[in-house]
Amino acid sequence: MSRAAVPGLPSRHPIGEQLPALYADDDFAQRFTAGLDTVLAPVFSTLDNLPSYFDPRLAPADFLAWLATWVGGADDPRRPPALRREAVAGAVELHRWSGTRRGLVEALRLVLGVSADITGDGGAAWSSTAGGALPPAPADELVVRVWPRRHGGAVDAAHEVDADRVRELVQSLCPVHTICRVEVLPGPPTSEEGRQ
């Protein structure tokens, strides 16, 4: 990320106009300060627009990846800019749901643009009766089913699910004590698939 000189970008604060009257008609002083204006114009432009740099929906595209690191968000330059901006904007809220089913589903939606359904409880068991017998050991496997998101009522076939990227994200977000199995589906699961 770099901010550089933009050809033809005028300075909002020309130095030559701020010199004492003695230098107002001095050709050398005006040309010299005009060169400085060319160098300082991008700096002034950046400072004048600084609040926009911290809003992922307005930040320059080359600044977005850096902004994602500030909020601990995942930024994938292979995704369209609008979806990248949405993922960075939702990163802080996503941290609230870290380690939960909702957090994993939302992360898959924001980071990879896929829909997901998670079955299993990750090996958690509890009893509602104090001092009661322990419940039987639960299955410790989570099944994460993903499919392309719907756009306009139909599954968007143009955006295929990258199974390797899904597995990588699921592995990074699942609690360490759980086993997560990923299944990539062509579309939303039917009611029978959801019950399995």
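Just so we're clear, the structure is a prediction, and the values are computed from it rather than from any experiment.
Taking every heavy atom of both residues into account, Val88 and Val71 meet most closely at O-CG2, 4.0 Å. Residues Trp147 and Pro186 come closest through the heavy atom pair CB-C, 4.4 Å. Here the shortest heavy-atom pairing between Pro77 and Asp75 reads CD-O, 3.6 Å. Counting all heavy atoms, side chain and backbone alike, Leu64 lies closest to Arg85 at CD2-CG, 3.7 Å. Annotation for Leu67 and Ala59: closest pair CD2-CB, 4.3 Å, computed over non-hydrogen atoms. Summarising the geometry of Val170 relative to Cys180, their closest heavy-atom pair is CG1-CB, 3.7 Å, with the distance given to 0.1 Å.
Checking side-chain atoms of Arg12 against main-chain N and O of Ser45 turns up no donor-acceptor pair under 3.5 Å. The closest donor-acceptor contact from the side chain of Asp37 to the backbone of Ile15 lies under 3.5 Å. With hydrogens and angles ignored, the 3.5 Å screen pairs no side-chain donor or acceptor of Arg149 with any backbone N or O of Ser115.
Aromatic ring centres of Trp66 and Tyr53: separated by at least 6.0 Å.
The neighbour count for Phe32 CZ, taken as heavy atoms of other residues, nucleotides or ligands under 6.0 Å away, does not exceed 12. By the neighbour-count criterion of 12 heavy atoms within 6.0 Å, atom CD of Glu93 is densely surrounded, having more than that number from other residues, nucleotides or ligands.
Note: Leu142 CG to Thr119 OG1 = 7.5 Å, rounded to the nearest 0.5 Å. One finds the CG atom of Leu104 at 3.5 Å from the CD1 atom of Ile118 (value rounded to the nearest 0.5 Å). In this structure, the separation between CG on Leu173 and CG on Leu94 is 7.5 Å, given to the nearest 0.5 Å. Here NE2 of His13 is found 9.0 Å from CG of Leu47. Values are rounded to the nearest 0.5 Å. In this structure, Ser172 OG and Arg167 CZ are separated by 14.0 Å, a value rounded to the nearest 0.5 Å. Put simply, CG on Leu108 and CG on Asp117 are 11.0 Å apart, with the number rounded to the nearest 0.5 Å.
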Item to complete: Determine, step by step, whether Ser52 and Asp55 satisfy the side-chain contact (heavy atoms from CB on, under 4.5 Å) criterion, reporting the C-alpha distance in whole Å, the side-chain angles of both residues, the deciding distance to 0.1 Å, and the verdict.
Response: CA-CA 5 Å; Ser52 299; Asp55 184 344; 5.8 Å; no
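Using a cut-off of 4.0 Å between Lys/Arg side-chain N and Asp/Glu carboxylate O, Glu86 and Arg109 are scored as salt-bridged.
Leu19 places a side-chain heavy atom less than 4.5 Å from the side chain of Gln30.
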